[in-house]
There are 2 protein chains.
Amino acid sequence: MALTRESSAGYMTNWAARLFARELERQLAPSGIAPAYMPVLFALADGSALTQKELARRAAVEQPTMAATLNRMERDAMIIRTRDPEDKRSALVALTPLAQGKIETVERVVSAINELALEQLVPDERRQFIALLGRVIRVLEAQDGALGN
Amino acid sequence: MALTRESSAGYMTNWAARLFARELERQLAPSGIAPAYMPVLFALADGSALTQKELARRAAVEQPTMAATLNRMERDAMIIRTRDPEDKRSALVALTPLAQGKIETVERVVSAINELALEQLVPDERRQFIALLGRVIRVLEAQDGALGN
DNA sequence: GCCATTTACATAGCTTGCTATCTAAAAACA
DNA sequence: TGTTTTTAGATAGCAAGCTATGTAAATGGC
């Protein structure tokens, strides 16, 4: 079978992800929230404080990626890092009131974009889409875990 | 309804795309081909020469992104740019024999990764997955086109 | 024929991802 | 106790995406 971009799951997934990111960035811009801040925002929304390592795990990104994201969030006054007295290597990250105050807006934006993206799909197809993505992710995660890191 | 990453189409799509990219990079590394080179490789595989603008359109990336990709490909001796005598603003891009010689390998790698990613899905589900991605892309592209550029 | 507009590309600057590698603290163990 | 190993983060360096903006060539009116 012909290998066209339209029939390559990887190419299509990358393409869709870039379109999601563009739209998200556009809609989040006024709030001062960048897309990469979102997993951190949601993880700490309940007022808890977590380590960088735990945040990286939840966002499914590598440690240096999370370090850079937290640096930008700190610059933008979205988080504060406090040295962990129990373990001097690590810091506990918590949201500032500024960030707390933006969570609802972010949730609305995310819902709106998901709604837009899926607007041509009936409820059953939406569930299917999410479920299929989940199954693809599980396979690729297993592969990723199998070789190193 | 709860807004968890597992139920956000955007988050899941981004996650899947990153996993695809990691695996692709790993498997393409020995060949010296970076993932972003692929759309260029396939567009020029027949020996034709295209402008940067046309390559950007086919890869669905912005012009400066394609410019940077072509710079890296030139550095890696994958393409040659020849000034277009008809239009002194533009250059025609063609693959070098080095790049031509890698196309088959790249095709094999792409097929293998798509096969891996979809290995848990039956043929019908695979078609569904690609089709749903296509419909999501179409909606987001329309939105993107509607506001500027 | 000349000026205004459009077009093709270049460049600057930023985000978000990655790998590889370093440092310092904590934990394990001999 | 002292040494080795593991763990948490930091840092360097690169890829690949984006927007905004600049420049030079081509095009389109008038």
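What's counted below: heavy atoms across the whole structure, side chains too, no hydrogens, waters or symmetry copies. Please read these numbers as outputs of a predicted model, since none were measured by experiment. Each chain gets a letter, A, B and so on, in the order its sequence line appears, and its residues count up from 1.
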From [atom1] of [X] over to [atom2] of [N], roughly how many Å is that when rounded to an integer?
X	N	atom1	atom2	value
B:Leu24	C:dC18	CG	P	14 Å
B:Asn71	C:dA12	CG	C1'	14 Å
B:Trp15	C:dG17	CH2	C1'	16 Å
B:Leu28	C:dC18	CG	P	17 Å
B:Glu74	C:dA10	CD	C1'	13 Å
A:Asp84	D:dA8	CG	C1'	11 Å
A:Arg81	D:dA8	CZ	P	16 Å
A:Arg57	D:dA8	CZ	C1'	15 Å

(request) Answer yes if the side chains of B:Tyr37 and B:Asp76 hold a donor-acceptor pair under 3.5 Å, and no otherwise. (result)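 A donor-acceptor contact under 3.5 Å links the two side chains.
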(message) Regarding A:Arg81 and A:Asn71, do their side chains bring together a donor and an acceptor under 3.5 Å, going by distance alone?
(response)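 The criterion, which ignores hydrogens and geometry beyond distance, is satisfied for A:Asn71 and A:Arg81.
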(message) When the axes are fitted on five pairs at both termini, how much does the helix from C:dG1-D:dC30 to C:dA30-D:dT1 curve, in 10° steps?
(response)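 Here the helix ends are tilted 10° relative to one another.
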(request) For A:Val106 and A:Phe42, run side chain to side chain contact (heavy atoms under 4.5 Å, CB included): C-alpha distance rounded to whole Å, both residues' side-chain angles, the deciding distance at 0.1 Å, then the answer. (result) CA-CA 10 Å; A:Val106 173; A:Phe42 293 144; 4.0 Å; yes
Just the atom pairs and distances: protein N or O near nucleotides 15-17 of chain D's N or O, under 3.5 Å.
residue	atom	partner	partner atom	Å
D:dA15	OP1	B:Arg75	NH1	3.1
D:dA15	OP1	B:Arg75	NH2	3.1
D:dA16	OP1	B:Ala36	N	3.4
D:dA16	OP2	B:Arg72	NE	2.8
D:dA16	OP2	B:Arg72	NH2	2.7
D:dA16	O5'	B:Arg72	NH2	3.4

(message) I want to confirm an ordering. Mapping A:Ser90 and A:Pro64 to their closest nucleotides on DNA chain D, which one lands closer to the 5' end?
(response)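 Result of the comparison: A:Ser90.
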(message) Can you tell me whether the side chain of B:Gln63 and the base of C:dA8 have a donor-acceptor pair closer than 3.5 Å?
(response)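 In this structure, the two groups form no donor-acceptor pair.
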(message) So if I take residues 43-56 of chain A and measure heavy-atom distances to DNA chain C, which residues fall below 4.0 Å?
(response)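 Close to the strand, none.
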Report all interatomic pairs (protein N or O, nucleotide N or O of nucleotides 22-27 of chain C) with separations under 3.5 Å.
residue	atom	partner	partner atom	Å
C:dA26	OP1	A:Lys88	N	2.9

(message) I need the single residue from A:Glu125, A:Glu119, A:Gln120 that forms a side chain to side chain donor-acceptor pair (under 3.5 Å) with B:Arg135. Which is it?
(response)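 Single pass found, and it is A:Glu125.
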(message) Considering every strand and a 4.0 Å limit on heavy-atom distances, what is the contact class for A:Ala91: base, sugar-phosphate, or nothing?
(response)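 The residue A:Ala91 makes sugar-phosphate contact but no base contact.
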(message) Tell me which pairs pass side chain to side chain donor-acceptor pair (under 3.5 Å) where either residue lies in residues 38-51 of chain B, with sequence neighbours left out.
(response)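 Of all non-adjacent pairs touching residues 38-51 of chain B, those that pass side chain to side chain donor-acceptor pair (under 3.5 Å) are B:Asp46-B:Ser48.
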(message) Taking side chain to side chain donor-acceptor pair (under 3.5 Å) as the cut-off, I'd like each qualifying pair that reaches into residues 89-103 of chain B, sequence neighbours left out, listed once.
(response)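 Matches after skipping sequence neighbours: B:Asp87-B:Arg89.
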(request) For residues A:Thr13 and B:Phe129, determine if any side-chain heavy atom of one lies less than 4.5 Å from a side-chain heavy atom of the other. (result)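 Yes, at least one pair of side-chain atoms sits under 4.5 Å.
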